[in-house]
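Working notes for the structure below.
Whatever order the structure lists ligands and atoms in, that order sets their numbers, starting from 1.
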Amino acid sequence: MSIQHITVELRHWIVEQTAAGHSPQAVHEAMLQQGWSEEVAVAALEQALGEKIYEDGPPVALPEPDLGGSPNRIWAHDREVSVLLQMKSPRVVLFGGLLSDEECDELVALARERLARSETVQTLTGGSEVNAARTSEGMFFQRGEHPLCERIERRIAALVNWPVENGEGLQVLRYRPGAQYLPHYDYFDPAQPGSLQILKRGGQRVGTLVMYLNTPERGGATTFPDVQLEIPPTKGHAAFFSYALPHPSTRTLHGGAPVIEGEKWVATKWLREGRFD
Ligand code: PD2
Ligand code: ZN
């Protein structure tokens, strides 16, 4: 594509994509994947949607805890949570005591009987499939399915200032020794055809909380290879990270390192940009 013109067809396509529920950021990303230059893509988006897409970087709202004034502890709905570590880019915050030991144990007990080999989203069709990159076993709760899920969901919503309705149901994973989750992004790749279907329900993922339900003897850290960060799994702790765009520039590539000794149990909460009904 040597000379790139903003045609009527291109503008119609942009309007159609956003009318179908895709965020301007997702359409932007799809245009870059198709070979449009950054400059033309942003100009076309702004013309088509009649608004500025970016002022100083992407203006999307994101889940974010109230850490102004650098508190060591913050109140979240019904519980005080410790702030153990925070990083600006990628945006990562490690919380301590998000869940009590009893809550961790109860969640494991509820999930255990429903475990099946973990599936990841099948990018071509939007369905799901067993994937060798993820050797854990897992299950999903419906949002609010159990009083414990509901309490945790409200706590998370208060902690990161994000509506309960924008959250997916909790996912629980069990990793046995040797099991791991290879580095990946949690957002849906807008260039994959299956993503269009997935994004209709709630839009993009914009944040993740990985809650540790036990402390394995060795291994099983959540890793962020772009910034060489490792978070050791510790019962009750939770690693939060957010991503304003479905793009590697967010540096939110992350994985679950192999468990060396013992089991690792986590509950993952994914946060969408819109209501996940
Ligand atoms: O269990 C983990 O540490 C982990 C790592 C990366 C979980 C997820 N991703 C996830 O559930 O998305
Ligand atoms: Zn992940």
Legend entry - Lys235/Asp105 ion pair, N-O < 4.0 Å: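 Yes, this pair counts.
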Legend entry - Salt-bridge criterion met for Glu102 and Arg151 (N-O under 4.0 Å):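 Between Arg151 and Glu102 there is no salt bridge, as every charged N stays at least 4.0 Å from the carboxylate O atoms.
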Legend entry - ligand 1 N/O within reach of Thr208 N/O, cut-off under 3.5 Å: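 Such a contact does not occur with ligand 1.
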Got the closest protein heavy atom to [atom], with its distance?
atom                    : answer
atom 11 (O) of ligand 1 : Thr268 OG1, 2.9 Å
atom 2 (C) of ligand 1  : Lys264 NZ, 3.2 Å
atom 6 (C) of ligand 1  : His254 CD2, 3.0 Å
atom 10 (C) of ligand 1 : Tyr181 CE1, 3.6 Å

Inset, instruction - Return the orientation label for the Tyr243 and Phe241 ring planes: parallel under 30°, perpendicular over 60°, tilted otherwise. - result: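 It falls in the tilted class, 30° to 60°.
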Looking at [X], which atoms of ligand 1 are within less than 4.0 Å of one of its heavy atoms?
X      : answer
Val266 : 1 (O)
Gln171 : 11 (O)
Gly255 : 5 (C), 6 (C)
Tyr175 : 1 (O), 2 (C), 4 (C), 7 (C)
His184 : 6 (C), 9 (N), 12 (O)

Inset, instruction - Using distance alone, with no hydrogens and no angle criterion, decide if Glu29 and Gln25 have a side-chain donor and acceptor under 3.5 Å apart. - result: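 No - no donor-acceptor pair under 3.5 Å links their side chains.
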Legend entry - Check against side-chain contact (heavy atoms from CB on, under 4.5 Å), Trp265 and Leu107: CA-CA 10 Å; Trp265 288 79; Leu107 211 48; over 6 Å; no
Inset, instruction - Report the C-alpha distance between Tyr187 and Leu245 in whole Å, list the side-chain angles of each, state the deciding distance to 0.1 Å, and finish with yes or no for side-chain contact (heavy atoms from CB on, under 4.5 Å). - result: CA-CA 8 Å; Tyr187 57 73; Leu245 284 173; over 6 Å; no
Inset, instruction - State, with a plain yes or no, whether a side-chain heavy atom of Arg143 is found less than 4.5 Å away from one of Asp277. - result: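 Of all side-chain heavy-atom pairs linking Asp277 with Arg143, at least one is under 4.5 Å.
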Inset, instruction - With the side chain counted from C-beta on, respond yes when Pro163 and Arg275 share a heavy-atom pair under 4.5 Å apart, and no when they do not. - result: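 Pro163 does not reach Arg275 side chain to side chain.
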Inset, instruction - Kindly identify the option in Thr252, Thr222, Leu253 whose heavy atom sits closest to atom 3 (O) of ligand 1. - result: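 Shortest heavy-atom distance from atom 3 (O) of ligand 1: Thr222.
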Legend entry - Option of least heavy-atom distance to atom 12 (O) of ligand 1 (set: Asp186, Val172, Leu182):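 Looking at heavy atoms only, the winner is Asp186.
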Legend entry - Worked verdict on Glu38 versus His28 for side-chain contact (heavy atoms from CB on, under 4.5 Å): CA-CA 8 Å; Glu38 174 74 28; His28 178 191; 3.3 Å; yes
Inset, instruction - If you have a sec, read the angle at the Zn ion (ligand 2) from Asp186 atom OD1 over to His184 atom NE2, to 10 degrees. - result: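 Angle OD1(Asp186)-the Zn ion (ligand 2)-NE2(His184): 90°, rounded to 10°.
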